[in-house]
Number of protein chains: 2
Amino acid sequence: MLTISLASPVPIHDQLVAGLRGLIAAGQLAEGDELPPVRQLAADLGINLNTVARAYRELTDAGLLASARGRGTIVIATVERASGPKAEERKRIEASIAAALGDAKLAGLTREAAESMAARQIERLWKHV
Amino acid sequence: MLTISLASPVPIHDQLVAGLRGLIAAGQLAEGDELPPVRQLAADLGINLNTVARAYRELTDAGLLASARGRGTIVIATVERASGPKAEERKRIEASIAAALGDAKLAGLTREAAESMAARQIERLWKHV
DNA sequence: GACATTGTCGCAGAGTATGATACAATAGCC
DNA sequence: GGCTATTGTATCATACTCTGCGACAATGTC
């Protein structure tokens with residue numbers, strides 16, 4: 001369900017956060033779903049439990065998860081929000097999209113290939129809405 | 001032409017690399033163009049010259065720039081490549097696009113807003129081709 | 001040849017990521 | 001009610017990375 005790369009320059013807990021956010025955004029993790037205990041997920045991935053705990057905590061702080069000792073961690077994301085993001089956040093988001101697509105172009109992707117990639121991801125992400 | 005955020009968790013040199021790649025990918029920096037000296041760009045951005053030098057070096061290693069003592073740094077990118085990227089790289093690229101769009105959805109963006117953002121960036125990036 | 005310009009190298013301090021270990025709170029069972 | 005297992009949290013140590021300061025090396029200009 002989740003894969004991480006120990007060789008990647010991006011921190012493991014960031015990879016976890018991104019992966020979990022992706023699962024939640026795509027609807028594969030819905031509100032109320034339980035996440036594996038930190039020890040189990042850490043063992044499955046071959047990393048330290050603190051690293052998993054940190055990812056859970058960051059998502060908890062972001063309001064996507066809820067954790068409690070002895071009870072575990074569940075998804076409390078309410079993806080649908082009344083109003084869209086603020087202008088500042090929109091700018092940040094568009095910058096990250098621009099960076100990803102800019103990378104794609106530098107890698108030699110054609111415009112058509114990039115369009116199809118973006119379309120496929122949008123389709124996948126908003127499918128469950 | 002370039003903006004960086006000292007408060008951001010992503011390293012300054014990575015921001016520079018991403019920004020420069022973006023400018024090159026968008027065609028605002030073309031083959032043969034000279035980049036500002038490391039000291040000047042560092043002063044403009046309020047950072048250390050080594051940080052700029054590192055960004056230049058990484059892009060040099062990536063084959064986008066060429067540096068020489070006393071002469072400066074120029075763009076040698078040849079964006080158009082004979083064959084598209086390998087499957088592995090395509091996978092990495094699509095993952096970064098998916099992450100950016102997943103973030104967009106979690107932030108509350110509608111599907112239509114995401115589509116328009118992606119389309120606008122693709123238009124901007126591939127305009128000069 | 002002297003000087004300015006430009007990129008590069010070595011080192012140090014600060015901060016961060018990751019991990020080992022111990023602690024605290026909840027649930028389940030007798 | 002008490003014991004045990006389960007689960008998240010806190011503390012500390014180690015290694016690594018980022019950033020910056022200073023010095024060096026190569027090129028261009030006069």
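As the structure is a computational prediction, the values presented were derived from the model and not from experiment. Labels below follow one simple rule: chain letters A, B, ... track the order of the sequence lines, proteins then strands, and each chain is numbered from 1.
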Asker: Figure out the OH/P separation between A:Tyr56 and D:dT9, and round it to whole Å.
Answerer: 11 Å

Asker: Output all residues satisfying side chain to side chain donor-acceptor pair (under 3.5 Å) with A:Glu123, sequence neighbours left out; order by chain, then residue number.
Answerer: B:Arg111

Asker: In the structure I gave you, are the side-chain heavy atoms of A:Arg54 and A:Asn50 within less than 4.5 Å of one another anywhere?
Answerer: no

Asker: Rounded to the nearest angstrom, tell me the gap between atom CD1 in A:Ile74 and atom P in D:dT7.
Answerer: 15 Å

Asker: With heavy atoms under 4.0 Å as the rule, sort A:Arg57 into base, sugar-phosphate or nothing.
Answerer: sugar-phosphate

Asker: Is there a side-chain contact between B:Val75 and B:Leu64, using heavy atoms and a 4.5 Å cut-off?
Answerer: no

Asker: Expressed in angstrom and rounded to an integer, what is the separation of B:Arg54 atom CZ from D:dT17 atom P?
Answerer: 9 Å

Asker: Restricting to nitrogen or oxygen on both sides, can you table the protein-nucleotides 28-30 of chain D pairs closer than 3.5 Å?
Answerer:
none

Asker: About how many Å separate CG of B:Leu16 and OG1 of B:Thr3, when rounded to the nearest 0.5 Å?
Answerer: 10.0 Å

Asker: Looking only at heavy atoms, what is the nearest atom pair of A:Tyr56 and A:Pro36, with distance?
Answerer: OH-O, 2.6 Å

Asker: How long is the line joining CG of A:Leu65 and P of D:dG8, in whole Å?
Answerer: 11 Å

Asker: With respect to B:Leu65, which candidate in B:Asp33, B:Leu29, B:Leu35 satisfies the side chain to side chain contact (heavy atoms under 4.5 Å, CB included) definition?
Answerer: B:Leu35

Asker: Name all pairs fulfilling the side-chain hydrogen bond (donor to acceptor under 3.5 Å, both in side chains) condition that reach into residues 63-72 of chain B, sequence neighbours left out, sorted by first residue then second.
Answerer: B:Ser67-B:Thr73

Asker: Taking 5' to 3' order, which nucleotide of DNA chain C is first and which is last to have an atom within less than 4.0 Å of a heavy atom in chain A?
Answerer: C:dA17 to C:dA27

Asker: Determine: side-chain N/O of A:Arg69 to OP1/OP2 of D:dT6, distance under 4.0 Å, yes or no.
Answerer: no

Asker: Check whether any side-chain heavy atom of B:Leu6 lies under 4.5 Å from a side-chain heavy atom of B:Ile47, and answer yes or no.
Answerer: yes

Asker: Give the rounded distance in Å between these two atoms: CG of B:Leu6 and C1' of D:dG20.
Answerer: 13 Å

Asker: Under 4.5 Å between any side-chain heavy atoms of B:Arg124 and B:Gln28, yes or no?
Answerer: yes

Asker: In residues 46-53 of chain B, which ones come under 4.0 Å of DNA chain D, going by heavy atoms?
Answerer: B:Ile47, B:Asn48, B:Asn50, B:Thr51

Asker: B:Asp14 CG to D:dT17 P: how many Å, rounded?
Answerer: 13 Å

Asker: May I have all residue pairs that pass side-chain hydrogen bond (donor to acceptor under 3.5 Å, both in side chains) and include part of residues 14-25 of chain A, sequence neighbours excluded?
Answerer: A:Arg21-B:Asp103

Asker: Send over the distance from B:Leu41 CG to D:dT19 P, rounded to a whole Å.
Answerer: 14 Å

Asker: Here's a test of your reading of the structure: between A:Pro11 and B:Thr73, which maps to the more 5' nucleotide of DNA chain C?
Answerer: B:Thr73

Asker: Does a side-chain N-to-carboxylate-O contact under 4.0 Å join A:Glu94 and A:Arg90?
Answerer: no

